[in-house]
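Throughout, numbering of the chain's residues begins at 1 and tracks the sequence. Worth saying up front: this structure is predicted, and the values here are computed from it rather than measured.
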Amino acid sequence: MRSKKLIALAMASLMALSMMACGNSAEETPAEAPATEEAAPAEEAAPAEEAAEEAAEEVAEEVAAGGNIGICIYKFDDAFMTTYRNALQEILEGKGYTVTVMDGKNDQNEQNNQINNFITQKVDALIINPVMTSAADQIIATVKDAGIPTVLINREPTAEQMAAYDKLVYVGCDARQSGTMQGELILDTPNKGDINGDGKISYIMIQGDPENIDAQYRTEFSVKALTDAGMEVEELDLQRGDWDRNKGQEIAQTDLSKFGDQIEVVFCNNDDMAIGALQSIQAAGRTVNEDIYLVGVDALDAALNEVEAGNMTGTVLNDANGQAEAAVAAMEELLGGKTYASGEQSIYVDYVKVTPDNVGDFK
Ligand code: BGC
């Protein structure tokens, strides 16, 4: 199926190219044209055809080279990245690629070995969700040495780091946008998050992995949206929950027993931690949207259900399917020979606010 498609594509390119080449040589050397200095003599038409064939072969090789794709995910045990990797696999396999997906098990050394193995296997392109953003320099140097077109996803390196290799792009979202949207979800509530009317919004922040720019920006910009709107804020606690549901549950439990009714808003950098926090909120006898607000990011199915049921104030769609589509499109452009100028190596997909009013659109 796959090879048939590739062969058909290669044949089509070959035909198109040789038609172009024939057209040109016919134009330059019309059969009846008298031999002038400009017009190539008949026997010199052969190199032009050869060149066309060579070019066509190159295209055929390029198309056929799109075959084997290696994907490295930072860890399989991550709710959002599970949706994302499934989308990637489905899109790529649907297009006829052979796909191998590896679990980095949250261990950068493990992932480095996986990248090296893919290089030894001569995969045609790599899609990498780094375990540690701080490993970006080394990952980029490795794929550059091997000359493998690479799409980095989900954990964004700096523009300077990416500038080292022009066959590399990053596909993700601008996490500042999701943070701002979380703040707006709170501002859109009837009391703008100030449930007890004391003039300030008292919140706890359950953060993802703080090494990750998504965690940093969501933490900063959710609160910034409140202060930009002129609200006073009080941070009761900020804890790292590493994107993990159980940690979200534990942090919320501890904070709820420590701060009790003082907590008006629970900000979670992602939905999985928000689902965990919700368990503790309910166990503490609190009611979301009545005496406490709760927001996440991702729009996981479980979170959409809770938003619909009124157990989460809202979430923000982190578009796994849209990002997977964009990553595959970028990968195919790289395979087609496109290179990226420094400063133009980040491709962003928009976040979308999800509230009880529009949750139906996302289910
Ligand atoms: C998602 C998290 C996920 C993390 C993994 C974030 O963009 O919102 O749910 O755990 O990426 O790096």
Side-chain angles (χ1 to χ4, degrees), residues 55 58-59 61-63 65-66 68-74 81 84-85 87-88 91-92 97 102 104 108 111-112 114-116 118-119 122-180 208-221 224 318-320 322-351:
E58 262 172 43
V59 170
E61 260 169 34
E62 226 164 61
V63 174
N68 286 311
I69 312 301
I71 302 182
C72 294
I73 299 296
Y74 94 98
M81 286 314 303
Y84 197 153
R85 79 181 140 93
L88 274 174
I91 296 166
L92 285 165
Y97 292 96
M102 299 303 294
Q108 189 59 58
Q111 184 173 71
N112 293 343
Q114 294 168 350
I115 294 171
N116 287 330
F118 276 139
I119 291 172
K122 296 193 168 34
V123 291
D124 299 294
L126 281 164
I127 298 179
I128 303 174
N129 164 214
V131 174
M132 301 185 66
T133 317
S134 55
D137 279 329
Q138 187 224 325
I139 293 173
I140 293 169
T142 306
V143 296
K144 184 186 176 183
D145 269 2
I148 302 206
T150 299
V151 182
L152 298 179
I153 57 167
N154 179 255
R155 293 179 168 195
E156 187 173 13
T158 63
E160 292 72 37
Q161 289 174 314
M162 289 193 277
Y165 185 34
D166 62 1
K167 283 195 223 163
L168 177 121
V169 281
Y170 171 77
V171 172
C173 301
D174 180 349
R176 285 171 286 205
Q177 194 187 29
S178 52
T180 303
D209 171 358
E211 202 235 9
N212 189 318
I213 193 85
D214 284 5
Q216 293 164 18
Y217 276 156
R218 288 175 195 166
T219 299
E220 182 186 344
F221 281 78
K224 188 173 180 299
N318 188 5
D319 188 356
Q323 288 172 77
E325 292 278 1
V328 172
M331 182 205 82
E332 290 192 316
E333 288 199 323
L334 288 170
L335 283 171
K338 179 166 176 176
T339 52
Y340 285 81
S342 100
E344 287 168 19
Q345 288 169 284
S346 282
I347 297 169
Y348 293 125
V349 173
D350 271 333
Y351 286 105

The ring pair (Phe, Tyr, Trp, His ring centres under 6.0 Å) partners of Tyr165 (sequence neighbours excluded) come to none

What pair of heavy atoms forms the shortest contact from [X] to [Y], and how long is it?
{"X": "Ile153", "Y": "Pro130", "result": "O-CD, 3.6 Å"}
{"X": "Ser346", "Y": "Glu156", "result": "OG-OE2, 2.9 Å"}
{"X": "Ala320", "Y": "Ala87", "result": "O-CB, 4.5 Å"}
{"X": "Ser134", "Y": "Glu211", "result": "OG-OE2, 2.7 Å"}
{"X": "Pro210", "Y": "Gln216", "result": "O-NE2, 2.8 Å"}
{"X": "Asp214", "Y": "Tyr351", "result": "OD2-OH, 4.4 Å"}

Using atom types as modelled and distance alone, determine if a side-chain donor or acceptor of [X] lies under 3.5 Å from a backbone N or O of [Y].
{"X": "Arg155", "Y": "Val131", "answer": "yes"}
{"X": "Gln161", "Y": "Ala136", "answer": "no"}
{"X": "Asn129", "Y": "Tyr74", "answer": "yes"}

Does Lys224 form a side chain to side chain contact (heavy atoms under 4.5 Å, CB included) with Thr180? I'd like the steps, not just the answer. CA-CA 7 Å; Lys224 188 173 180 299; Thr180 303; over 6 Å; no

Gln111 side chain to Gln114 side chain, donor-acceptor N/O pair below 3.5 angstrom: no

Pairing donors with acceptors under 3.5 angstrom, does anything connect the side chains of Gln323 and Asn154? no

Less than 4.5 Å apart, side chain to side chain, heavy atoms only: is that true for Asp319 and Cys173? no

Can you confirm whether Ile139 sits close enough to Ile128 that some side-chain heavy atom of one is under 4.5 Å from a side-chain heavy atom of the other? yes

Atom pair [atom1] ([X]) and [atom2] ([Y]), whose distance is rounded to the nearest 0.5 Å:
{"X": "Gln177", "Y": "Asp350", "atom1": "CD", "atom2": "CG", "value": "4.5 Å"}
{"X": "Tyr340", "Y": "Leu168", "atom1": "OH", "atom2": "CG", "value": "10.0 Å"}
{"X": "Glu332", "Y": "Leu92", "atom1": "CD", "atom2": "CG", "value": "7.5 Å"}
{"X": "Ser178", "Y": "Tyr217", "atom1": "OG", "atom2": "OH", "value": "11.0 Å"}
{"X": "Leu335", "Y": "Ile69", "atom1": "CG", "atom2": "CD1", "value": "5.5 Å"}
{"X": "Ile119", "Y": "Asp145", "atom1": "CD1", "atom2": "CG", "value": "8.0 Å"}

Evaluate side chain to side chain contact (heavy atoms under 4.5 Å, CB included) for Arg85 paired with Ile71, printing each intermediate quantity in order. CA-CA 8 Å; Arg85 79 181 140 93; Ile71 302 182; 5.6 Å; no

side-chain hydrogen bond (donor to acceptor under 3.5 Å, both in side chains) involving Thr150 - partner list, sequence neighbours excluded: none

